[in-house]
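So the structure is just underneath, and the comments pick up after that.
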Amino acid sequence: MASRPGAPAAPELVLETARGCTSISPGRTYHVGRDPLCEICLDDARVSWHHAVLRPDGDHWTVEDEGSTNGTWADGHRVREWSVGPGSELRFGSAEDGPRAVLLGAAPERTPARPSSVTGPALTGSFHTPASVRPLLARTVRIGRAPDNDLVVDDLVVSRRHAELRPLPDGTYEIADLASHNGTYLNGVPVDRAPVADGDIVGIGHSAFCVFGDQLQEYVDTGEVSLEVQDLAVAVDRGRKVLLDHVSFPVGAKCLLAVVGPSGAGKSTLLGALTGLRPADQGTVLYDGRDLYRDYAELRSRIGLVPQDDILHAQLTVRRALTYAAELRFPQDTATAERRARVDEVIRELGLGQRADQPIHSLSGGQRKRVSVALELLTKPSLLFLDEPTSGLDPGMDRSVMNMLRGLADDGRTVIVVTHSVLSLEVCDRLLVLAPGGRVAYFGPPGETLGFFGFGEWPEAFEAFENQQGRDWAGEYRSSTLYRKYVQLPGLPPVEGGAPAGPAGFAAAPPKAQSWGAQLSTLVRRYAAALGADRTFLAIMVALPFVMGAMARALAGHSLTRETAVNALLILCVGGVLTGAANAVRELVKERTIYQRERAVGLSRSAYLMSKVVVLGAVTVAQAVVLTLVALLGVQTNAPGGKGVFLSPLVEITIAVALLSFTAMMLGLLVSALVRKEEVTMPLLVLLAIVQVVFCGALLQLDGVPVIEQLAWLVPSRWALGAMAATIDLGAIVPGKSTDDPLFAHSAGVWLLDVGMLVALSVLFGVLVARLLRRHEPAIMRK
């Protein structure tokens, strides 16, 4: 009960427990219990989930037992309601050895606040008590993972020699990044070198450091963090359609929260806003008191996200896939043994030991979801989000996955799961129900949900959402005691209009975990391993050039004559286009979910694209060489004087077919980046082949035909056929109007133009692919 205006206020006290000291102010009520959402959480089996309440009552404090099983004691007496103050001793669950709390007198003098010019975030939640305090002594302090640092941080996302805190002549300090791979942050902003004022927060990995006078205080993010969602709103179509309507709720440490609601209620939009991938137009997301959008560059490594689709290459084994993921996410100076140890640790934690050397595609749906979770746990995130993890699973697997998430929360993480399934909601601590229009219809314990709505079964509730669209679900909840109890927590700062978010609210893009070259090396090896494990792809890759080459050989006979030359070259063009485009046309769209997640944690867009170009390019060029040799080795080309323009006819034709195949591969990547679904790639591949045949110049006269001739400039087979025709002087072998084409002339300039245009088209398609990839990235990564 709050005190009356003008009445004496209860004194400000310090509550001392085994976990540390907590300042308690008369402006709020403090709940005691095992519930992670309690302000005073006691992890003891004798303590009830909601055990007691400590509240200000006029000029004193009152402790009230909430009907606990084992009782509350104050100063040696079991109490139902008791006045307490400085010097009072409280015990919960047992008078002799239950968890003990002592109320101390006036709160100790606070650490001086930082200057008003500093806008960095305050340390709250899991950062209450420093893990270590050390004197600075006006000397340089080197921070890193290696044992020879002055301050050793045992965290794999920290480089061996990460940063230095250096004294300045005026008695202050500066932080200098030592070319670390995951960056050094000052008040959430990545810096290379910057002065540090008292109270500023230097972020390195999961640790934060504060300078106070001549002391350096270290705070470690242990994973037990809270999340406060304040007034999130998202609208599209210039505000005409609302996806989230001022959503607010708190999530405590070690809490498992499920988000449910009918289709179109804004669950995916909320997930994007909470993870920072698609920021809200209005409102704030506080990660343990820190603005997630502002400090996203630093905090993004502490957030794990498991999308609905698998985020691993299914052809690889569990251990191999996790090993490649660890290479991409940990710094380059992480030893192989360190990465292997972390991979083995998460495999054991998720119960995948017996499946570690099994291909992912052979696992059950629930086991594949465990592997996706294992990937996210590599970097020890404090917040773990999952989007429909039980979609498509049978009831048994559904319960298994939810029990796994319950265990992850109990181990010291905050877990938020978006789901359509209501089979296992009882394992969750809190349930958020979104009504159509993105409004909060309920937030609280799962067991009280149906009773609040007045239904006996979940299908009835979802039918009501659909049939009673005019009902003010959000208004009913806001006027309920549940809203005041679970959302309007006493002492929670009121939401005042929410600050604008969105991409402009981000401080800076997060740095990459590795150098560009190291990422490329890992991506190339991973992609080559995935392709090598795909037996269907290998069979097609080997068979296609032999089949197309044999067809061209049958048409060519022993020599390229008037009757066979055009058809043989046409088959070579078709074969080159099919081998190249077929290799690439599915590769980007089928990995889109993987790319989006890895890009969000620092993957280089250009390194990803280049890995495709390198691996697929090598395969495609090898196929083109086989295709040409099978088709023309030993065949008389009838080139003038038996020579090509520069080299032998066979070599020049091989170069032309190889460049055509490579360019067609880049065109296939362009199609793959453009489409939204993998199913449409095969019809488009057929269309590509038809366009290449029509516009290559073998069937129709293109020279001098307005518009058609200009369109053909963008068709790779047009230039490849021109290069091959120039090599053998097709106009001389097959005289006629159809072969009287300037691009077929047997001259060095024409041949170089044809080949150069293939190279230019490859570059053009590559630039377009990179631009299209950008569309599928989180807003922060588009900077």
Checklist entry - Quick one: OG on Ser88 to CG on Leu103, what's the gap to the nearest 0.5 Å? => result 5.5 Å

Checklist entry - In this structure, which one of Val346, Leu386, Ile311 forms a side-chain contact (heavy atoms from CB on, under 4.5 Å) with Glu376? => result Ile311

Checklist outcome for this item: So CD of Glu298 and CD1 of Ile201: to nearest 0.5 Å the spacing works out to 8.0 Å

Checklist entry - What heavy-atom pair brings Val285 and Ala273 nearest, and what distance separates the two atoms? => result CG2-O, 3.9 Å

Checklist entry - Is there a donor-acceptor contact under 3.5 Å from the side chain of Tyr442 to the main chain of Leu431? => result no

Item to check | Distance, nearest 0.5 Å, that separates OG of Ser421 from CD of Glu388 | outcome: 9.0 Å

Next on the checklist: Any side-chain to backbone donor/acceptor pair from Arg439 onto Pro436? Under 3.5 Å, distance only.
Outcome noted: yes

Next on the checklist: For a side-chain contact (heavy atoms from CB on, under 4.5 Å) check, start with the C-alpha distance between Leu227 and Leu292, then their side-chain angles and the critical distance, and finish with the verdict.
Outcome noted: CA-CA 10 Å; Leu227 194 72; Leu292 174 66; 5.6 Å; no

Checklist entry - Quick check: are there more than 12 heavy atoms from other residues, nucleotides or ligands sitting under 6.0 Å from CH2 of Trp73? => result yes

Next on the checklist: Quick one: does any side-chain atom of Asp57 pair with a main-chain N or O of Thr62 as donor and acceptor, under 3.5 Å?
Outcome noted: no

Item to check | Student check: side-chain heavy atoms of Leu271 and Leu305 closer than 4.5 Å | outcome: yes

Item to check | Main-chain N/O of Ser382 paired with Arg302 side-chain donor or acceptor, under 3.5 Å | outcome: no

Checklist entry - Stepwise, does the side-chain contact (heavy atoms from CB on, under 4.5 Å) test hold for Asp387 with Phe385? => result CA-CA 7 Å; Asp387 187 10; Phe385 294 89; over 6 Å; no

Next on the checklist: Check whether Arg278 reaches the backbone of Ser268 with its side chain - one donor and one acceptor, N or O, closer than 3.5 Å.
Outcome noted: yes

Checklist entry - With no hydrogens and no angle check, is any side-chain donor or acceptor of Ser400 less than 3.5 Å from a backbone partner on Met397? => result no

Next on the checklist: Test side-chain contact (heavy atoms from CB on, under 4.5 Å) on Val84 and Leu54; report intermediate values, then the result.
Outcome noted: CA-CA 9 Å; Val84 294; Leu54 187 65; 3.8 Å; yes

Checklist outcome for this item: Closest non-hydrogen atoms of Pro307 and Lys369, given as atom of the first, atom of the second and distance, are O-NZ, 3.5 Å

Item to check | Any donor-acceptor N/O pair, Ser248 side chain to Asp231 backbone, under 3.5 Å | outcome: yes

Next on the checklist: Taking Arg55 first and then Glu81, would you say they form a salt bridge - that is, a charged N and a carboxylate O separated by under 4.0 Å?
Outcome noted: yes

Next on the checklist: With rounding to the nearest 0.5 angstrom, report the NE2 to CD distance, His246 to Gln282.
Outcome noted: 5.0 Å

Checklist entry - Which atom names give the shortest non-hydrogen contact between Ala235 and Asp281, and what distance separates them? => result N-OD2, 2.8 Å

Checklist entry - Mind checking whether Tyr287 and Thr414 have side chains closer than 4.5 Å, heavy atoms only? => result no

Checklist entry - With a 4.5 Å heavy-atom cut-off, do Pro250 and Phe443 have their side chains touching? => result yes

Item to check | Under 3.5 Å: donor-acceptor pair, side chain of Asp310, backbone of Leu312 | outcome: no

Checklist entry - Does any non-hydrogen side-chain atom of Phe452 lie less than 4.5 Å from one of Ser480? => result yes

Item to check | Intermediate values then yes/no, side-chain contact (heavy atoms from CB on, under 4.5 Å), His51 and Arg34 | outcome: CA-CA 8 Å; His51 195 103; Arg34 285 201 337 273; over 6 Å; no

Checklist entry - Looking only at heavy atoms, which two atoms of Ala74 and Leu90 are closest? And how far apart? => result CB-CD2, 3.7 Å

Checklist entry - Where is the tightest heavy-atom contact between Thr379 and Ser301, given as atom of each residue plus distance? => result OG1-O, 3.8 Å

Checklist outcome for this item: In this structure, CG of Leu432 is separated from CD1 of Ile416 (nearest 0.5 Å) by 9.0 Å

Checklist entry - So do the side chains of Leu408 and Leu377 get within less than 4.5 Å of each other, counting heavy atoms only? => result yes

Next on the checklist: Please check: side-chain N/O of Thr72 versus main-chain N/O of Val79, any donor-acceptor pairing under 3.5 Å?
Outcome noted: no

Item to check | Any Pro445 side-chain heavy atom under 4.5 Å of Arg430 side chain | outcome: yes

Checklist entry - Is a side-chain donor or acceptor of Tyr293 paired with a backbone partner of Ala280 at a separation under 3.5 angstrom? => result yes

Checklist outcome for this item: CG of Leu375 to CZ of Arg597, rounded to nearest 0.5 Å, is 8.5 Å

Checklist entry - Would you say Arg399 and Leu423 make side-chain contact, with heavy atoms under 4.5 Å? => result no

Checklist entry - Do the rings of Phe465 and Phe462 sit parallel, tilted or perpendicular, given the 30° and 60° boundaries? => result perpendicular

Item to check | Any Trp458 side-chain heavy atom under 4.5 Å of Thr449 side chain | outcome: yes

Checklist entry - So which heavy atom on Ala297 is nearest to which on Gly188, and how close? => result CB-O, 4.3 Å

Next on the checklist: Using a strict threshold of under 4.0 Å (side-chain N to carboxylate O), is an ion pair present between Glu66 and Lys485?
Outcome noted: no

Next on the checklist: Can you classify the ring geometry of Tyr477 versus Tyr483 as parallel (below 30°), tilted (30 to 60°) or perpendicular (above 60°)?
Outcome noted: perpendicular

